[in-house]
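Written below as structure tokens is the structure these notes are about.
These figures come from a predicted structure and were not determined experimentally.
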Amino acid sequence: MRPTIKDVAKEANVSISTVSYAVNNSDRISEKTRLHVLEVAKRLNYAANSNAKRLRQKNTGAIGIFFNSWFGPIYSELIQGIEKKVHEMGYDLIACSLFGGPESTAHKYLKDHMIDGAIILSNSFDDEFLTAAANKNQPFVVLDREINAPHIYSILIDNFGGGFAATKSLINSGCKEIYYFSGPEDSYDNQKRLDGYIAALGFFKIKFSQDFIIHSDFTEKDAYEKMNALLAQGIKPKAIFSGNDEMAIGILRAAREHNISIPDELKIIGFDNIRESERTAPALSTVTHQKFEMGVKAAEVLFDAMNGEEDIEPMTMLPTKLVERETL
């Protein structure tokens with residue numbers, strides 16, 4: 001009987017994932033471990049699946065990545081991280097947008113199990129659909145949402161902590177009336193950042209007011225228009241925590257056009273630390289997180305799940321950190 005990857009893992013006293021990393025020349029394991037595994041594989045006369053060294057037999061050799069839109073500065077670094085790890089493991093990466101709703105190609109890929117695993121960046125798939133579609137032969141990693149279900153793993157950033165830190169910094173700079181420019185209400189990230197903002201106000205005994213919540217959509221254009229609308233009403237905020245950097249850039253543009261001095265008359269903190277944030281004039285203070293590393297981690301967790309690893313954490317939380325520049 002032909003030896004399997006499990007036979008090699010057992011003989012070498014390592015995990016299945018380690019065998020996969022060894023035969024695919026991954027840098028996730030040491031050279032000593034790689035050589036040990038390859039020596040065992042050679043002794044057992046084990047050969048990885050000739051079809052691009054697949055991790056499992058009877059698979060498609062493809063990983064799916066699903067998101068709402070092809071645009072946005074956050075996606076670039078994140079997808080680079082995913083792409084690096086997926087290609088390193090000898091798999092193809094198939095990208096699908098959710099255009100078309102329940103009849104979209106994206107839904108078909110998951111319903112018909114046309115891929116070996118998926119990384120979900122979209123909230124357009126509801127929890128029930130993903131729970132029904134996930135299984136041991138097609139596990140999912142979801143980003144920026146929590147789903148408690150078998151074969152689904154969550155990769156999150158500390159949105160709450162980042163929101164708290166941003167608001168705390170504005171309070172410590174002497175601000176008592178702090179506006180929050182909100183992203184879409186159905187956004188997990190936005191809700192957690194808002195929760196962090198509200199919690200910081202409460203911690204420092206500052207009264208929360210719905211009047212200071214400006215509902216926007218994470219885009220520069222809409223935030224620019226909302227900021228202009230506030231100023232047209234004679235409302236001149238002294239401090240703003242923006243739910244993302246794109247909106248913060250729109251707010252900055254509107255403030256400059258109204259000759260508002262930053263940070264003397266208006267202090268602004270964004271979120272995400274996109275490349276444009278340090279190029280604004282003045283440079284934008286923001287909350288940063290590891291976008292490339294998040295992509296790599298998502299792919300690593302997915303491959304561990306595909307390999308049948310049993311000790312995978314169902315949720316991974318990545319840190320955030322405040323970056324103080326010239327708008328604070």
Side-chain angles (χ1 to χ4, degrees), residues 5-6 9 14-21 26 28-29 55-56 59 62-68 74-75 78-79 81-86 88-89 91 93 96 98 106-107 109-111 113 115-164 186-196 199 289-320:
I5 192 171
K6 290 184 179 180
V14 298
S15 69
I16 295 173
S17 289
T18 299
V19 178
S20 297
Y21 295 139
S26 169
R28 196 179 176 190
I29 60 174
L55 296 181
R56 297 179 287 110
N59 64 3
I63 300 300
I65 179 170
F66 301 86
F67 42 86
N68 290 334
I74 293 298
Y75 280 136
L78 184 63
I79 292 175
I82 294 171
E83 191 175 39
K84 176 182 182 295
K85 183 56 61 174
V86 168
E88 179 182 293
M89 299 304 293
Y91 271 62
L93 186 64
C96 290
L98 273 292
H107 279 78
Y109 265 98
L110 298 188
K111 284 189 297 185
H113 300 92
I115 51 178
D116 295 320
I119 298 174
I120 314 291
L121 284 73
S122 169
N123 59 5
S124 296
F125 290 124
D126 60 43
D127 290 3
E128 292 75 19
F129 173 80
L130 292 178
T131 299
N135 59 48
K136 66 179 181 179
N137 294 318
Q138 184 181 253
F140 299 154
V141 170
V142 294
L143 276 63
D144 301 329
R145 66 192 290 188
E146 297 179 53
I147 301 179
N148 183 19
H151 312 298
I152 300 180
Y153 307 88
S154 297
I155 309 291
L156 310 169
I157 63 171
D158 186 11
N159 288 294
F160 179 92
F164 190 100
D186 64 350
S187 164
Y188 175 92
D189 287 347
N190 177 71
Q191 186 57 55
K192 292 299 183 182
R193 293 168 194 180
L194 175 59
D195 289 345
H289 52 93
Q290 301 167 322
K291 295 171 279 295
F292 179 87
E293 291 79 2
M294 187 180 192
V296 171
K297 182 65 176 178
E300 288 178 347
V301 169
L302 184 62
F303 281 112
D304 283 347
M306 288 164 53
N307 271 330
E309 295 284 347
E310 297 180 353
D311 59 348
I312 308 171
E313 291 293 335
M315 184 182 78
T316 301
M317 180 78 74
L318 301 176
T320 54

Report the C-alpha separation of Y91 and M306 in whole Å, then their side-chain angles, then the decisive distance to 0.1 Å, and conclude whether the side-chain contact (heavy atoms from CB on, under 4.5 Å) test is met.
CA-CA 12 Å; Y91 271 62; M306 288 164 53; 3.6 Å; yes
Applying side-chain contact (heavy atoms from CB on, under 4.5 Å), run through D144 and M294 and close with a yes or a no.
CA-CA 11 Å; D144 301 329; M294 187 180 192; 3.5 Å; yes
side-chain contact (heavy atoms from CB on, under 4.5 Å) between K85 and L302, intermediate numbers included:
CA-CA 10 Å; K85 183 56 61 174; L302 184 62; over 6 Å; no
Applying side-chain contact (heavy atoms from CB on, under 4.5 Å) to L130 and L110, what does each step give before you reach the verdict?
CA-CA 8 Å; L130 292 178; L110 298 188; 4.1 Å; yes
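For the pair A133 and Q138, the tightest heavy-atom approach, listed with the atom from each and the gap, is O-NE2, 3.2 Å. Summarising the geometry of G81 relative to V296, their closest heavy-atom pair is O-CG2, 3.5 Å, with the distance given to 0.1 Å. A pairwise comparison of heavy atoms in I120 and F125 identifies CG2-CD1, 3.8 Å as the closest pair. Across all their heavy atoms, F67 and I79 have their closest contact at CE2-CD1, 4.1 Å. Of all the heavy atoms in I152 and A134, the pair that sits closest is CG1-CB, 3.7 Å. Taking all atoms of both residues into account, the shortest heavy-atom contact from I155 to K297 is CD1-CG, 4.1 Å.
Remark: F292 pairs with no residue by the ring pair (Phe, Tyr, Trp, His ring centres under 6.0 Å) rule, at least two apart or across chains. The side chain to side chain donor-acceptor pair (under 3.5 Å) test applied to E309 returns S15, S17, not counting sequence neighbours. Every residue two or more places apart in sequence or in another chain was checked for a ring pair (Phe, Tyr, Trp, His ring centres under 6.0 Å) with Y153, and none qualifies. The side chain to side chain donor-acceptor pair (under 3.5 Å) search around N159 returns D189, R193, not counting sequence neighbours. With sequence neighbours excluded, the residues that form a side chain to side chain donor-acceptor pair (under 3.5 Å) with D127 are R145. Scanning for side chain to side chain contact (heavy atoms under 4.5 Å, CB included) contacts around L93 gives I63, I65, I82, E83, V86, H87, with sequence neighbours left out.
For the atom pair CZ (F66) and CD1 (I115), the distance works out to 4.0 Å, reported to the nearest 0.5 Å. Here the OG atom belonging to S154 is positioned 8.5 Å from the CG atom belonging to N148, to the nearest 0.5 angstrom. Between the CD1 atom in I157 and the OG1 atom in T316 there is a gap of 13.5 Å [rounded to 0.5 Å]. One finds the NZ atom of K192 at 5.5 Å from the CD atom of E146 (value rounded to the nearest 0.5 Å). Distance check, rounded to the nearest 0.5 Å: CG of N307 to CE of M89 gives 6.5 Å. Here the CG-NZ distance, from L143 to K291, works out to 13.0 Å after rounding to the nearest 0.5 Å.
Q290 has its side chain within reach of P319: a pair of non-hydrogen atoms, C-beta onward, lies under 4.5 Å apart. I29 has its side chain out of reach of V14: every pair of non-hydrogen atoms, C-beta onward, lies at least 4.5 Å apart.
No side-chain donor-acceptor contact under 3.5 Å links T320 to the backbone of H289.
Environment of CG in D186: crowded, with over 12 heavy atoms of neighbouring residues, nucleotides or ligands closer than 6.0 Å.
Between F129 and H107, the angle of the ring planes lies from 30° to 60°, which puts this pair in the tilted group.
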